[in-house]
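Everything below concerns the one structure shown next.
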Amino acid sequence: MKKNNKKDKKTFETLKNIAYAFRVISKASPMAIPMMTLTQTAYWFFANFIQQILFLRVLLGLIEKKSTYKEYMIMVGIFVFSGIIAKALEIFSDYYVTLCYRKVYHSLNKRIFTQAGRVDIECYENPEFYDKYTRATEIVTNKRYIDFCYNVARFISSVITGIFLLVYIISIDPWILLIMSMLLIVFFVLGYKNRLEIQKDKEMTPNTREKSYVQRTVFLRDFAKDMRTSDIFGVMYQKMKRAVENNRAIIKKYGIRVAVIDFIVSAFSEAFPIAATYLYTCYRYAVKKNLALADFSVVMTAVGNLNSVINECISCASNTQKVSLYFGYLKEFFDFEPTVSGGEKVAGEFESIEFKNVSFGYPSSDKHSLKNVSLKINKEDRVAIVGHNGAGKTTFVKLLLRFYDPTEGEILYNGVNILEYDINSLRRRLATVFQNYKVYALSVDENVLCHEVENNEDAMISKTSLKKSGVYDKISKLPLKGNTVITREFDDRGTGLSGGEQQKIAAARMFAKDYNLAILDEPSSALDPIAEYKMYESIIAETENKSVIFISHRLSSAALSNKIFVFGNGTILESGTHDELMNKDGIYAEMFTMQASSYSEEVE
């Protein structure tokens, strides 16, 4: 009983996925499936019924009646004309289908990109979710939506053609259908094969992701130097080799069963029904002598075509079932609702941020990254949050930006819990430069503005921002200046920038934004201590009347701040001004003294 319930549940899920695929594709392009069906019907109906059955039967009839040459010519003319019409329909609908597919592609891509931007940051750190995301994106990356449309269209066109073939065969001998019924066995066997293929693909997904990561990394410029000056290439190669071997083992595990299934399918879809039909019709023609020569010749062709059509129906139904599963993954991805959701309040100008007894632990960890943290930052404060790596500084930023929500306690923006604010309106009040900054294969101006340059005003904003971040002198010497693409991968006129220059491009984004509070999470990790201090001085000068939070394990920013919080093991160990903490001669004083040789001259 449980087995039947499980089977019924799978059937129901398959039907739901197919219905969902129809809705998604029809919403993007209502005519995609109908036009593809028209293309396939024009081809299949003409090739398998009109051309090989109807025309052949009429032609043999004319021969038996000893018709005139003129009658033959008329018949051939009708056939040629119908062929031209069928081909014209096929070409037109094929062209239209291509346009429809482009609409579907752009619509699905847009929805996937939009949803990818909505999901919680923690999802990208969850392997199980990422596997689902990878399978969902196969809808566009591997064009599964085309597979779905194609198989549905072929199924419908095969059914239409099959009905005409069935009617014709029944008119000659209904018993032939009993022989052809053994093809139903193929349908059930292919259903089992599909389930095996889906399970195999599911098991292979993590290995495929690892293999793709290695293949992608080997060709990236950021990793090229390390690859050539260390043994890391060998480690990465072994990682890919293991992934390939694991997938090979999975394929081998399913291989024997799939081979047996293919043999059964081949036997019951081609050999047995065709042979049985041939023996039966030959018996009627040669022994019983109750089958006309014209009917004998045409029925043999019709049975062969019907066999092909039924096999096509079974194959398309089976493939549709398999492809529909990817739409199931897509639905699951689209239906995912972020756990970090916003309220309805619109964040006003920044007045204060307060952490009240905040604790937080990552879902994948059994310990807290922050423990009972309380602090307050007011308007125009310049705050340094310092501490060694792993002290909880970046976690503090992630909570402030609502990438995660606290496990305990609350965070107040202008005295109101940040859970009550619309997330986008809150983030618009903040300008952030991350430690793991990214620049893109776009122009310098587009990297700074984070949108296309639409007019001269945009270009001037970018130019001013580049000056403030200290990289404009470099950019101004490039032939295309702000229009220069930051890579030569797609444009020979592009440029490569050093790590420090790229970091300054990322910092320029902050100046190009209308913000109230700047958050700089290790914004100078690619700079030497002197360049770092100069950068901080520039930021201080350019952020007058604004609030700034410096996150760093290097303390050059601390001496420029009026509040310092020293983090360690997820808690605040010390707080105060630079002078207060130096006089206290505690952890901060020790850290500062150890780093003083790098920048003491600039601080003085």
With no hydrogens and no angle check, is any side-chain donor or acceptor of [X] less than 3.5 Å from a backbone partner on [Y]?
| X | Y | result |
| --- | --- | --- |
| Tyr413 | Phe350 | yes |
| Lys398 | Lys393 | no |
| Glu446 | Ser443 | yes |
| Thr571 | Gly568 | yes |
| Glu344 | Asp422 | no |
| Ser547 | Leu517 | no |
| Asn414 | Ser352 | yes |

Give me the atom names and distance for the closest heavy-atom approach of [X] to [Y].
| X | Y | answer |
| --- | --- | --- |
| Asn17 | Ser324 | CB-O, 3.2 Å |
| Ala347 | Ser425 | N-OG, 3.1 Å |
| Leu399 | Pro406 | CD2-N, 4.0 Å |
| Asp405 | Phe360 | O-CD1, 3.3 Å |

Please work out whether the ring planes of Tyr362 and Tyr404 are parallel, tilted or perpendicular, with thresholds of 30° and 60°.
->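 Geometry flag for Tyr404 against Tyr362: perpendicular rings.
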
Do the rings of His578 and Tyr588 sit parallel, tilted or perpendicular, given the 30° and 60° boundaries?
->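 Plane angle over 60°, so perpendicular.
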
Honestly, is Arg111 close enough over Phe334, meaning NZ or CZ under 6.0 Å from the six-membered ring centre and within 45° of the axis?
->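 Yes, a cation-pi geometry holds between Arg111 and Phe334.
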
Could you walk me through whether Asn562 and Arg382 pass the side chain to side chain donor-acceptor pair (under 3.5 Å) test, one step at a time?
-> CA-CA 6 Å; Asn562 59 6; Arg382 303 190 191 283; over 6 Å; no

Rounded to the nearest 0.5 Å, what separation is found between the OH atom of Tyr326 and the OG1 atom of Thr137?
->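 Between Tyr326 OH and Thr137 OG1, I get 10.5 Å after rounding to 0.5 Å.
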
Can you measure from CZ (Phe396) to CZ (Phe565) and round to the nearest 0.5 angstrom?
->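 Atom-to-atom, Phe396:CZ and Phe565:CZ are 8.0 Å apart.
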
In sequence, state the C-alpha distance, the side-chain angles, and the governing distance for Glu590 and Thr593, and then conclude on side chain to side chain donor-acceptor pair (under 3.5 Å).
-> CA-CA 5 Å; Glu590 182 183 351; Thr593 302; over 6 Å; no

Checking side-chain contact (heavy atoms from CB on, under 4.5 Å) against Ile418, which of Leu401, Leu400, Ile411 comes through?
->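 Testing Ile418 for a side-chain contact (heavy atoms from CB on, under 4.5 Å) against Leu401, Leu400, Ile411 leaves exactly one candidate, Ile411.
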
Of all residues at least two apart in sequence or in a different chain, which pass the ring-ring contact (aromatic ring centres under 6.0 Å, His included) check with Tyr472?
->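 Scan of Tyr472 (ring-ring contact (aromatic ring centres under 6.0 Å, His included), adjacent residues dropped) gives none.
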
State, yes or no, whether a side-chain contact exists between Asn247 and Thr208 at a heavy-atom distance under 4.5 Å.
->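 Sidechains of Thr208 and Asn247: in contact.
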
